[in-house]
Undergrad: 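Quick one: this structure, given as structure tokens, is what I'll be asking you about.
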There are 2 protein chains.
Amino acid sequence: MAKHYSATESLAALGDPTRRAIFERVAARPSAVGDLARGLPVSRPAVSQHLKVLKEAGLVTETPEGTRRIYRLDPRGIAAMRDWLDAHWSGALQSFASFADEQFETKEEKPK
Amino acid sequence: MAKHYSATESLAALGDPTRRAIFERVAARPSAVGDLARGLPVSRPAVSQHLKVLKEAGLVTETPEGTRRIYRLDPRGIAAMRDWLDAHWSGALQSFASFADEQFETKEEKPK
DNA sequence: CTCATGCGTAAGTTTTCACTTACGGTAAGT
DNA sequence: ACTTACCGTAAGTGAAAACTTACGCATGAG
């Protein structure tokens with residue numbers, strides 16, 4: 001069980017395109033490792049390794065079901081990313097607004 | 001100017017730890033390249049290259065100011081990531097809910 | 001015009017990491 | 001017990017990419 005739920009780890013995990021593909025498929029429906037591998041251009045062990053990273057990042061959870069392991073999205077990991085994003089969102093708007101003001105004032109001084 | 005604003009590109013860009021550090025510093029306050037490099041354990045050209053990636057991902061904007069180039073956050077890139085996250089958010093809650101139900105039913109069959 | 005400052009780019013090196021094959025281990029079926 | 005299906009891990013390889021140094025260009029100060 002991941003006890004971190006840090007946005008940093010989540011972003012690093014979703015930086016890889018294959019991991020994003022796996023993440024999106026798991027988001028669509030909880031799946032087993034083999035089923036995921038069958039729909040991807042990589043081997044099953046590769047999927048296993050990616051799922052390990054996603055799990056340690058707190059983005060998915062694992063549940064044994066017979067001989068299979070079902071992976072599901074973990075809302076808490078996604079929440080961490082959302083919070084991180086929102087924290088920078090206000091800063092972004094602020095920078096953007098002050099920049100727009102600056103531009104406007106400059107144009108005022110020099111209309112053309 | 002980036003015309004995409006795809007969440008995919010943004011996530012790939014923020015996958016690198018150095019790029020995340022740059023992104024956060026720019027989020028705190030619009031900065032020039034040299035100033036950013038002085039506070040990081042990498043060379044100035046490295047920062048330049050990272051800023052290029054962030055810019056192409058639509059996460060920052062560049063504004064010449066004398067001989068310096070001021071970088072600011074671009075809210076549109078962040079918005080793309082937010083949308084992507086929200087799109088999977090519902091799926092996450094759905095999976096989590098049905099999983100919780102399953103667990104509950106199992107416990108009902110086998111109270112202890 | 002000359003010099004200094006601030007950046008971007010090119011080229012080359014090093015390191016990271018995604019992937020494969022091989023192996024071992026667990027759970028269910030016959 | 002034997003076999004089959006499903007999966008994680010180890011070890012090694014190859015390719016992507018992050019970093020450095022060297023260079024060239026633009027802007028502003030003197």
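Each chain gets a letter, A, B and so on, in the order its sequence line appears, and its residues count up from 1.
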Undergrad: Specify the separation, in whole Å, of atom CD of B/E62 and atom P of C/dG6.
TA: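 In whole Å, C/dG6 P and B/E62 CD are 16 Å from each other.
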Undergrad: Roughly, in whole Å, what's the span from CG in A/L14 to C1' in C/dA18?
TA: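 In whole Å, C/dA18 C1' lies 16 Å from A/L14 CG.
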Undergrad: On DNA chain C, compare the nucleotides closest to A/P41 and B/D35; which residue's is nearer the 5' end?
TA: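 Its nearest nucleotide lies further toward 5', so the answer is B/D35.
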Undergrad: As a test of reading the structure: which of C/dC7, D/dT20, D/dC7 is closest to the side chain of B/A46, going by heavy atoms?
TA: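 Nucleotide nearest to B/A46's side chain: D/dT20.
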Undergrad: Of the nucleotides D/dT9, D/dC7, C/dT9, which one has an atom closest to the side chain of A/P45?
TA: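 Among D/dT9, D/dC7, C/dT9, the one nearest the side chain of A/P45 is D/dT9.
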Undergrad: With a cut-off of less than 4.0 Å, is there a side-chain N or O of A/S43 near OP1 or OP2 of C/dT20?
TA: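 For A/S43, the contact criterion (side-chain N or O under 4.0 Å from OP1 or OP2 of C/dT20) is met.
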Undergrad: Respond yes when some side-chain nitrogen or oxygen of A/R19 is under 4.0 Å from OP1 or OP2 of C/dA18, and no when none is.
TA: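 For C/dA18, OP1/OP2 do have a side-chain N/O of A/R19 under 4.0 Å.
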Undergrad: I need the CZ-C1' distance between A/R38 and D/dA5, as an integer number of Å.
TA: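 After rounding, the reported distance stands at 10 Å.
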Undergrad: Taking side chain as C-beta onward, heavy atoms only, is A/V53 less than 4.5 Å from A/L59?
TA: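 In short, these two side chains do not touch, never coming nearer than 4.5 Å.
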Undergrad: Could you check which of C/dT9, C/dT21, D/dC19 has an atom nearest any side-chain atom of B/T18?
TA: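 When the side chain of B/T18 is considered, D/dC19 is the closest of C/dT9, C/dT21, D/dC19.
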Undergrad: Is the shortest side-chain N/O distance from B/R69 to OP1 or OP2 of D/dT27 below 4.0 Å?
TA: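 For B/R69, the contact criterion (side-chain N or O under 4.0 Å from OP1 or OP2 of D/dT27) is not met.
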Undergrad: Just the rounded figure in Å: distance from P of C/dA18 to CG of A/D16.
TA: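 It works out to 5 Å between those atoms.
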Undergrad: Rounded to whole angstroms, how far apart are CD1 on B/I70 and P on C/dC7?
TA: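 So the two atoms are 7 Å apart, to the nearest Å.
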Undergrad: Under 4.0 Å: is that the gap between some side-chain N or O of B/T67 and OP1 or OP2 of C/dC7?
TA: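 No, B/T67 has no side-chain N/O under 4.0 Å of OP1/OP2 on C/dC7.
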Undergrad: Can A/R68 and A/D35 be counted as an ion pair, charged N to O under 4.0 angstrom?
TA: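 Yes, A/R68 and A/D35 are salt-bridged.
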Undergrad: Reckon A/P64 touches a base, only the sugar-phosphate, or nothing at all at heavy-atom distances under 4.0 Å?
TA: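 The residue A/P64 makes no contact with any strand.
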Undergrad: Could you give the CD-to-C1' distance, from B/E65 to C/dT5, as a whole number of Å?
TA: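 Spelled out: CD on B/E65 to C1' on C/dT5 is 15 Å.
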Undergrad: In whole angstrom, what separates B/Q49's CD from C/dT13's C1'?
TA: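 Going from B/Q49 (CD) to C/dT13 (C1'), I get 13 Å.
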Undergrad: So, is A/H50 close to the C/dC19 phosphate, meaning a side-chain N or O under 4.0 Å from OP1 or OP2?
TA: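 Yes, within the criterion.
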Undergrad: Check whether A/D16 reaches the backbone of A/R19 with its side chain - one donor and one acceptor, N or O, closer than 3.5 Å.
TA: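 Flag set: sc A/D16 to bb A/R19 pair under 3.5 Å.
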Undergrad: Determine the sole option in B/H50, B/E56, B/Q49 for which the side chain to side chain contact (heavy atoms under 4.5 Å, CB included) test with B/K52 is passed.
TA: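 Only one of B/H50, B/E56, B/Q49 forms a side chain to side chain contact (heavy atoms under 4.5 Å, CB included) with B/K52, namely B/E56.
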Undergrad: What integer distance in Å separates B/Y71:OH from C/dC7:P?
TA: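 From B/Y71 OH to C/dC7 P: 9 Å.
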Undergrad: Between A/D74 and A/K55, is the closest basic N to carboxylate O distance under 4.0 Å?
TA: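 A salt bridge is absent here (no side-chain N lies under 4.0 Å from a carboxylate O).
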